[in-house]
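Before any comments, here is the structure.
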Amino acid sequence: MPEHSESATEKNMSSIMDTIAENLPKQKSGKFDVGSVSDKMKEKLFGRQKSVHWVLGGGKSADVLLWRNKKISSSVLALATAIWVFFEWLDYHFLTIVSFALVLGMVVQFVWSNFSSVLSGSPSKAPRVELPDELFVNIAVAIGAQINKFLSFLQDVSCERNLKHFVLAIIGLWAAAVISGWCNFLTVIYIGFVCAHSLPVLYEKYEDQVDDFLYSCLGLLRDQYQKLDQCFLSKIPKGNMKFKKSE
């Protein structure tokens with residue numbers, strides 16, 4: 001009996017939803033397509049079916065962004081904060097910091113090479129600091145790969161004939177241009193770095209709540225658009241684009 005009542009309730013609800021859908025004004029081409037928010041509620045954000053870790057590319061970079069290892073993630077964020085504080089708050093310049101670091105290294109090696117024999121009784125060589133060539137190659141390859149992904153994304157958006165994605169990309173670039181006018185390039189990079197290390201992990205933790213909130217907002221926008229369409233847009237007279245030929 002409970003199963004029969006539940007099925008009857010589902011049939012009644014589906015019939016009510018079909019009746020409401022039939023009474024709503026039909027969307028014509030060229031207008032905003034609000035879609036069915038109730039169907040999207042069953043999906044992840046933007047129709048995503050994979051995990052957040054997979055969306056971020058997987059691997060060590062995704063582990064750092066999602067704080068899989070808190071020591072590494074906190075160290076990376078602390079290093080970025082220190083660099084931003086040195087350059088932005090303390091008004092240091094890149095050449096100044098590099099020069100101070102080289103001076104400090106030369107002083108340490110000078111003291112080591114000249115006083116090691118006095119302290120230990122036998123001369124010892126100062127340690128050599130050498131950066132491996134693979135480090136610079138990996139950094140260049142990683143940066144080039146990210147730049148190519150970004151350019152490929154922009155080209156795909158431009159060529160896929162999806163007006164919604166195209167407008168969103170234009171708005172994002174416009175917002176980046178406006179924000180860059182408020183602060184310098186280093187601050188913009190630091191803000192993006194902090195957002196990349198905070199927003200994904202927060203979304204992964206509160207994924208269901210964020211999805212429900214966003215789709216509820218989309219539902220409100222849909223209702224407001226339908227009211228606007230019924231009260232104003234549908235009453236706008238459509239002009240006749242066919243011109244009569246002059247005799």
Side-chain angles (χ1 to χ4, degrees), residues 33 35 40 43-88 92-95 97-98 101 129-207 210-211 214-215 218:
D33 186 10
K40 291 183 179 179
E43 301 176 356
K44 300 296 183 180
L45 186 62
F46 303 125
R48 176 179 56 82
Q49 300 296 333
K50 302 293 184 179
S51 63
V52 180
H53 188 273
W54 185 88
V55 173
L56 294 177
K60 296 181 179 180
S61 59
D63 293 338
V64 173
L65 294 177
L66 295 176
W67 292 73
R68 295 289 190 265
N69 191 326
K70 295 183 179 180
K71 291 183 178 180
I72 296 178
S73 300
S74 59
S75 300
V76 172
L77 187 60
L79 178 61
T81 303
I83 294 174
W84 181 74
V85 168
F86 270 106
F87 285 107
E88 189 66 21
Y92 278 94
H93 299 283
F94 179 75
L95 183 60
I97 295 179
V98 171
V129 179
E130 294 183 357
L131 298 177
D133 297 337
E134 292 80 6
L135 176 63
F136 300 98
V137 174
N138 293 333
I139 292 175
V141 170
I143 294 175
Q146 295 301 322
I147 293 176
N148 288 331
K149 285 183 180 179
F150 181 70
L151 293 177
S152 177
F153 169 75
L154 294 180
Q155 292 175 1
D156 291 340
V157 171
S158 301
C159 299
E160 68 179 355
R161 297 180 181 179
N162 191 322
L163 182 60
K164 180 181 177 180
H165 293 171
F166 181 76
V167 172
L168 289 177
I170 295 297
I171 292 175
L173 294 176
W174 177 80
V178 172
I179 294 174
S180 63
W182 296 342
C183 49
N184 56 24
F185 183 66
L186 180 62
T187 303
V188 174
I189 293 179
Y190 177 71
I191 293 174
F193 193 84
V194 173
C195 292
H197 279 75
S198 57
L199 296 181
V201 65
L202 290 176
Y203 174 72
E204 187 184 39
K205 186 176 181 180
Y206 304 102
E207 183 175 354
V210 173
D211 290 344
L214 291 178
Y215 283 122
L218 290 177

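Side-chain atoms are counted along with the backbone in the values below, which use heavy atoms only and exclude waters and symmetry mates. Positions are given from 1 along the sequence.
Atom CG of L168 sits about 11.0 Å away from atom CG of L173, to the nearest 0.5 Å. To the nearest 0.5 angstrom, E88 atom CD is 6.0 Å from W84 atom CH2. Interatomic distance, S158 OG to Q155 CD, rounded to the nearest 0.5 Å: 7.5 Å. Once rounded to the nearest 0.5 Å, the distance linking CG of L66 with NE2 of H197 reads 10.0 Å. If you take CD1 on I83 and CD1 on I97, they are separated by 8.0 Å, rounding to the nearest 0.5 Å. Note that CD1 of I143 is 11.0 Å distant from CG of N138, once rounded to the nearest 0.5 Å.
When all heavy atoms of C195 and P200 are compared, the closest pair comes out as O-CD, 3.4 Å.
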Under 3.5 Å donor-acceptor pairs involving side-chain atoms of residues 69-82, not counting sequence neighbours:
| unit_1 | atom_1 | unit_2 | atom_2 | d |
| --- | --- | --- | --- | --- |
| N69 | OD1 | K71 | N | 3.2 |
| S73 | OG | V64 | O | 2.7 |
| S73 | OG | N69 | O | 3.2 |
| S74 | OG | K70 | O | 2.6 |
| S74 | OG | K71 | O | 3.0 |
| S75 | OG | K71 | O | 2.6 |
| T81 | OG1 | L77 | O | 2.8 |
| T81 | OG1 | Y190 | OH | 2.9 |

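With T187 contributing its side chain and C183 its backbone, the two residues share no donor-acceptor pair below 3.5 Å.
Applying the ring pair (Phe, Tyr, Trp, His ring centres under 6.0 Å) test to residues at least two apart or on different chains, none of the pairs has a partner in residues 156-188.
Between F87 and F94, the ring planes lie parallel to each other; the angle is under 30°, not in the 30° to 60° tilted range.
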